[in-house]
Amino acid sequence: MQEHELLRTLQPVWLDRATLTLAKAANLREDLRAQLESFFEMLTQAVETGDSAWLDPVLTTWATSLTQTELEGGESNLLEFLREIVVLTGDVSRQALNNDQALNLISALLPHFAYCFSKAAFMEMQARIAYISDQLKSVQQTLEKLDRSKSDFIAVAAHELKTPLTLVEGYAAMLRDASEGRPLTAYDIDLLNGISTGARRLKAIIDDMIDVSLLDNNLLSLNIQPMWLNRMFAVLYNELADSLQERKQTLEIKSFPGCDEMTFGDPERILQVFRNVLTNAIKYTPDGGKITIDGRKLPGFIEVIIRDTGIGIDPEDQVLIFDKFARLGKSDLHSSGKTKFKGGGPGLGLHIARGIVETHGGAIWVESPGYDEHKLPGSTFHILLPLRLEPPDEAMARLLAPLMNKNN
Ligand code: ADP
């Protein structure tokens, strides 16, 4: 008798034994029996034809029906299941056949069982990879949703805060007007100034929140005009003079090729970028430190380089600080003082700076040997801006023609 015929004689006993051994719960037996019957049928075909591929459909069914728990647990239940089939097939053969027949049958079955193992391992791995990538996709979706709701929250909060702020500003102005002509004590003046400073700070934070929500929704529009970098540096020098004096710091503005050339960009927004980077340089540099603005002209770009002699930034944080709310987890540093030493703000400044620079088609990054409050390694921010020599539209070109001819 040939091996496949031997197998057929074993089928009823094998099926009963396999169903009892492999289906632990009685209610699963019927379903499993049908599957085992089909497996046995395919195994017989494989032995008869010498082609193990007959087993593929049933193996695929088993691999794809791995349960959630099996996938989560990472245990290989399918391989264990096949191992039990191999053992019980050997048992049934030895009991029902004579020694020679059993030996022949087992030798004939071995290559097909080996095929089952390798195929099942491969399919199981594929099912696991598909499961993990599904999990990753759903985590990514959750994170995106979270980011959306964070961004929605910022937009709503900024809007809601604007109304009471306008009230505070309005009443402060009325109070100032009402006190006009009346002698104010130094204390009254302090109180009025306190309200104004607080309202100004709050407005700056709300404006930052609005900018973040504009950037998150790709709604930041640029008002492209001619601009000169050296003029912006001069504006900021004046603006920051008091803070620099208070912190006994010096700001050196170097003249570099391209800094006095007219280029097109949104001067208000670019000023905001330099302001954010410079106020950070003041904040994260101890009293007496030095800040330098330098730069260079590159083909098609101007690179502005802002160096400080401050506490520096760890290499692993150098990308992170451009994310929104990035305060490097040091909430103890939080302070509402705009230029107080290490007075961490809401963590929006560099995120906005990056958004503005990238909307201009440029790039911003930082280099620093690391964070050290004693050795003060300093940080160097690079701001790469495209050198745009042409006006953005015809109307502006006509308007600027005399100025541009003069510059050429
Ligand atoms: P913040 O409002 O906290 O200043 P930013 O977005 O401006 O937010 O900066 C993010 C973080 O990057 C800061 O909290 C600080 O830890 C770090 N950082 C920014 N600029 C510097 C700098 N010049 N030196 C050292 N650390 C800096």
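Every number for a ligand or one of its atoms is a count from 1 in the order of the listing.
Ring-centre distance between Trp365 and Phe322: not below the 6.0 Å cut-off.
The closest approach between a heavy atom of Gly312 and any atom of ligand 1 is below 4.0 Å. Every heavy atom of Asn276 sits 4.0 Å or more from the atoms of ligand 1. The shortest separation from a heavy atom of Gly310 to ligand 1 is not under 4.0 Å, leaving the residue out of contact. Under a 4.0 Å heavy-atom criterion, Lys283 is in contact with ligand 1. In this structure, Phe381 counts as a contact residue of ligand 1, since one of its heavy atoms falls inside 4.0 Å of the ligand.
The side chain of Asp308, and not its backbone, has at least one atom closer than 4.0 Å to an atom of ligand 1 (non-hydrogen atoms only; side chain from C-beta on). Within the 4.0 Å heavy-atom criterion, the part of Ile313 lying near ligand 1 is the side chain and not the backbone.
The two atoms that bring Met209 and Ile154 nearest to each other are O-CG2, 3.3 Å, heavy atoms only.
When each of Thr285, Ile293, Thr380, Ile291 is checked for a side chain to side chain contact (heavy atoms under 4.5 Å, CB included) with Arg307, only Thr380 meets the rule.
Between the side chain of Gln249 and the backbone N or O of Ile282 there is at least one donor-acceptor pair closer than 3.5 Å. A donor-acceptor pair is defined here as one N or O able to donate and one able to accept, closer than 3.5 Å; no such pair exists between the side chain of Glu367 and the backbone of Phe381.
Stacking of Arg17 on the aromatic ring of Trp14 is not recorded, the 6.0 Å distance cut-off and the 45° axial limit not both being met.
Checked against a 3.5 angstrom limit, the closest N/O atoms of His351 and ligand 1 fall outside it.
Under a 4.0 Å criterion applied to the non-hydrogen atoms of Leu348, ligand 1 contributes the atoms 6 (O), 8 (O). Set against the non-hydrogen atoms of Gly347, the atoms of ligand 1 under 4.0 Å away are 1 (P), 2 (O), 3 (O), 6 (O), 8 (O).
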- prompt: Going through the distances and angles, do Asp152 and Lys145 end up as a salt bridge (Lys or Arg N to Asp or Glu O under 4.0 Å)?
  reply: CA-CA 10 Å; Asp152 289 349; Lys145 225 160 103 208; over 6 Å; no
